[in-house]
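In what follows, every chain begins at residue 1, and chains take the letters A, B, ... in the order their sequences are listed.
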Amino acid sequence: MKLDQGKDNACIVGVGRSIISRDSGKTALDLVTDACTNAIRHAGLTRDDIDGIATNQMSGVNGYQINEAMRFPTVNWYGQMEMPQVTAAWSVMEAAMAVEYGASDYCLVVMGLMKPKGAGSRRDPFAGSVGPPQVGGDAQWVAPYGGNGFTFNHFMSRYMYEFNAPRETFGHIAITDRKHAMMNERAIVRTPLTMDDYMSARWISEPFCLYDCDFPVDGYAAVVITKPDRARSLPNKPVQIVAASQNTGPRTDMFQWDDMTNMGSKYAAKKLWELVPGTTLKDIDVVMCYDGFSVITVMWIEAFGFCGVGEAKDFLKGDMMQLGGSGIPMNTHGGMLSEGRVHGMGYIAEATDQLMGLCGERQVANAKRALIGQGGSVQNADMLLQVMD
Amino acid sequence: MTEEYTRPIPIPDAASAAYWEGAKRHELTIKHCNDCGYYIHYPKTRCPNCWSTNVGDAVVSGRGTIYTLTIHHVPSAPGFETPYPVALVSLEEQEDVRILANIVECPLEDIKVGMPVEVVFKDATPEISIPVFRPRKG
Ligand SMILES: [Zn+2]
C-alpha cells in the first residue's frame with residue numbers, strides 16, 4: 001500500500017501478550033483473550049471501543065471465536081487471511097488498511113501459536129494411519145520421498161553452495177538472538193549459546209541443526225490499531241505504520257521457487273524501500289528479521305541491504321546486528337529462535353515496545369524507527385514503524 | 001517389489017495422470033507446451049509461460065543435476081530409516097523443472113549439490129512407480 005510518510009497512517013497504540021510457555025495447559029482461545037485483554041488495557045481502551053478483529057489461519061482461532069469470548073458490542077470489520085504461511089505482519093497490514101479506510105475505529109490484531117501436540121503434529125504427520133498413506137494434491141510430489149513440506153533447508157543448501165557459505169553464517173543468527181533473549185524474561189530459552197554449541201548440535205534436517213529451528217510454544221501477542229487523531233488522545237506514544245508491503249515473486253510453490261539463494265524478501269524489501277523514498281538503513285534504529293529458521297534471517301539481512309547478497313558470512317562475524325554493537329540491533333527480544341514462535345507477532349510487539357521505550361535492559365537508546373521483515377520462502381511481508389511526532 | 005511398501009503413495013489426478021503412467025513404464029514424463037516449448041512442473045494443462053492450452057506430455061532424458069540437498073534425521077513419513085537424503089533435482093531439459101526425490105545407490109557422504117544424476121524407478125505397487133535419482137554413470 002502507498003502511504004504518506006507519517007501523516008494519516010494507522011498507529012499501534014497498545015501491546016499485550018499471553019504467557020509464552022512450552023505447555024500452557026490452556027486453550028488457544030484462552031491465551032488469545034489474555035493477549036487481547038492486555039493489549040486493550042495497555043492502550044487505555046475498553047470493551048466498548050474495539051470494533052475490528054484481525055487474525056489469520058496460522059493462529060488457530062478465528063475472529064468469531066474471539067468475539068464470542070470477549071463480547072465486543074459491535075464488530076464492524078473482521079480480517080481473517082486464509083493464505084498458507086502468513087504471519088502477523090499480513091494481519092497488521094490488513095488492519096491498518098481497514099482503519100485508514102474507516103471500516104474499523106479501533107482494531108485488534110492477534111497472532112500466535114498453540115504448539116502442536118500428539119498425533120498429526122508436524123513431527124509425526126502420518127501417526128495412526130494404517131498401511132501406506134495415500135497422498136494427493138501437491139503432497140504427491142513431496143510425501144513419497146519423506147519430504148515434510150518445508151523447504152527452508154533446501155534454500156539453505158543452495159545458498160551455502162552458491163556462496164560457499166559456512167554453517168557459522170547461520171550460527172551467528174542463533175547466537176545473536178540468544179544473547180538478546182538472555183535480557184528478555186519472556187524468552188523460552190535464555191541459556192548462553194556459543195558457536196561450539198551450535199556446531200556440535202544434533203541434526204534435524206541437514207543443513208539444519210537444532211539451533212537453526214525456532215521453538216514452538218503456546219503463546220500469543222496482540223496489538224490495537226487506530227487512526228492518528230484518536231491515537232494522540234491515548235496514553236502511549238503512538239507508533240505509526242509508515243509503510244507496509246506483502247509480496248511474492250512469480251513462483252509461489254515453495255519447492256519450485258526459481259532461485260533458492262533468495263526468498264520473497266527480495267521483492268518485499270524492494271517494495272518497502274520504494275514506499276519510503278529518501279529513507280535508508282541509516283534512519284533505522286532497530287530491526288526485526290524473521291527467524292523461523294536461521295536461513296530466513298540471513299536472506300532478510302541481505303534483502304534489506306545490510307550487506308550484499310552472499311556476503312552475510314563475513315558481515316555477521318562482527319557485532320553489527322547485536323545490542324551494544326556498531327550497527328543496528330536485530331531481534332532484541334531473541335526472535336522466535338529464543339523467545340519462541342509467536343508467529344511473527346513477537347517482532348511487532350517487541351518493535352512497538354522499543355519505540356514506546358518499554359524494553360528495560362535491552363532498550364535501544366532513543367529508538368524512533370523500526371524495520372520489520374516477516375515470512376520466508378515464497379511469501380514475505382515487511383513494514384516500517386515510526387514514533388509519531 | 002521385494003517387501004511390503006509402507007511409504008506414502010501418490011494419488012494421480014487429472015493433471016498428473018500422465019506423469020504417474022509414465023513412471024509406471026519407467027519413463028519420466030513432463031508436461032510440455034507445444035507452442036512455446038516450456039516444460040511445466042507441477043503438471044498443468046495450461047502453460048504458465050504463454051498461457052497456451054496446446055500442452056502435451058514429453059518423455060524427458062531423466063538426466064539432471066542436484067540443485068539442493070537435505071538429509072533428514074527426523075522421519076517425516078513411514079517407511080524411511082534416518083538419515084535419508086531428500087534432494088531437488090534440476091532437469092537437463094529445463095533448469096527450473098525441479099523434482100523432489102531421494103538419491104539412491106550412493107553413500108550419503110558422497111552426495112553433493114551440483115552432482116549429475118539420472119532417474120531410476122522404484123516400483124511401489126503394481127500401479128505406482130516412484131522416480132528417484134542416482135549418480136549419473138558415464
Ligand atoms: Zn507455452
Side-chain angles (χ1 to χ4, degrees), chain A residues 121-164 201-210 212-213 250-261 293 295, chain B residues 4-13 15-16 19-20 23 40-43 48-49 66-90 95-103 108 111-115 122 124-125 128-133:
Chain A
S121 68
R122 189 196 303 171
R123 171 160 285 199
D124 197 1
F126 298 113
S129 67
V130 177
Q134 311 278 312
V135 288
D138 286 351
Q140 72 186 293
W141 312 109
V142 177
Y145 302 107
N148 59 6
F150 278 78
T151 49
F152 302 99
N153 45 358
H154 290 268
F155 282 86
M156 183 163 158
S157 161
R158 190 67 194 180
Y159 181 95
M160 292 172 79
Y161 173 81
E162 290 264 4
F163 301 122
N164 200 23
R202 68 182 168 90
W203 294 117
I204 300 297
S205 180
E206 289 179 58
F208 282 166
C209 72
L210 179 66
D212 292 307
C213 308
R251 304 303 293 266
T252 32
D253 181 276
M254 289 198 276
F255 282 109
Q256 300 295 327
W257 186 254
D258 48 358
D259 177 359
M260 285 189 153
T261 63
F293 297 100
V295 61
Chain B
E4 193 191 359
Y5 192 89
T6 56
R7 296 178 176 185
I9 291 175
I11 306 169
D13 53 42
S16 70
Y19 182 94
W20 295 112
I40 306 158
H41 191 69
Y42 308 145
N49 190 48
I66 296 181
Y67 181 74
T68 63
L69 173 66
T70 67
I71 296 173
H72 287 225
H73 292 257
V74 179
S76 296
F80 287 90
E81 270 182 37
T82 58
Y84 62 92
V86 180
L88 273 171
V89 173
S90 245
E95 201 274 341
D96 75 352
V97 174
R98 308 251 174 83
I99 299 190
L100 192 78
N102 305 121
I103 305 299
L108 266 188
I111 308 174
K112 304 286 179 210
V113 176
M115 177 185 265
K122 204 176 167 118
T125 71
I128 293 287
S129 296
I130 310 284
V132 295
F133 289 82

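Heavy-atom distances place both the backbone and the side chain of A/Asp259 under 4.5 Å from chain B. Using a 4.5 Å cut-off between heavy atoms, B/Ile128 does not touch chain A at all. With a 4.5 angstrom heavy-atom cutoff, B/Thr6 touches chain A only via backbone atoms. Interface remark: A/Phe255 contributes backbone and side-chain atoms alike to the contact with chain B (heavy atom separation under 4.5 Å).
Here B/Thr70 contributes atom OG1 and A/Phe208 contributes atom CZ; the two are 9.5 Å apart, rounded to the nearest 0.5 Å. Atom OG1 of residue B/Thr82 and atom CH2 of residue A/Trp203 lie 14.5 Å apart, to the nearest 0.5 angstrom. Atom CZ in A/Phe155 sits 9.5 Å away from atom CG in B/Leu88 (nearest 0.5 Å). In this structure, CD1 in B/Ile9 is found 13.0 Å from CD in A/Gln140, a value given to the nearest 0.5 Å. One distance of note links CG of B/Asp13 with CG of A/Asp138; it measures 9.0 Å at 0.5 Å rounding. One distance of note links CD1 of A/Ile204 with CD1 of B/Ile71; it measures 14.0 Å at 0.5 Å rounding.
Between B/Tyr42 and A/Trp141, the ring planes lie parallel to each other; the angle is under 30°, not in the 30° to 60° tilted range.
Partners of B/Asp96 according to the side-chain hydrogen bond (donor to acceptor under 3.5 Å, both in side chains) rule, which considers only residues two or more places apart in sequence or in another chain, are A/Arg251, B/Tyr38, B/Gln94.
Most heavy-atom pairs under 4.5 Å with chain B: of the set A/Ser205, A/Ala143, A/Pro250, this distinction falls to A/Ser205. Ranked by heavy-atom pairs under 4.5 Å with chain A, the list B/Ser16, B/Pro83, B/Ala87, B/Gly79 is led by B/Ser16. Of the listed residues (B/Asn102, B/Val86, B/Val132), the one with the most heavy-atom contacts under 4.5 Å to chain A is B/Asn102.
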Legend entry - Residue pair B/His72, A/Asn148: steps toward the side chain to side chain contact (heavy atoms under 4.5 Å, CB included) verdict: CA-CA 9 Å; B/His72 287 225; A/Asn148 59 6; 4.2 Å; yes
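Here the closest heavy-atom approach between residue A/Ser157 and residue B/Thr68 is recorded as OG-CA, 3.5 Å. Of all heavy-atom pairs between A/Gly147 and B/Ser76, the closest is O-CB, 3.9 Å. The minimum heavy-atom distance linking A/Gly146 with B/Ala77 is given by the pair CA-CB, 4.1 Å.
A donor-acceptor distance shorter than 3.5 angstrom exists from the side chain of A/Arg158 to the backbone of B/Tyr67, with no hydrogens or angles considered. Without hydrogens or angle criteria, B/Arg98 side chain to A/Asp258 main chain gives a donor-acceptor distance under 3.5 Å.
A donor and an acceptor atom, one from each side chain of B/His73 and A/Glu206, are located under 3.5 Å apart.
Contact check for A/Tyr145 versus B/Ile130: side-chain heavy atoms found under the 4.5 Å cut-off.
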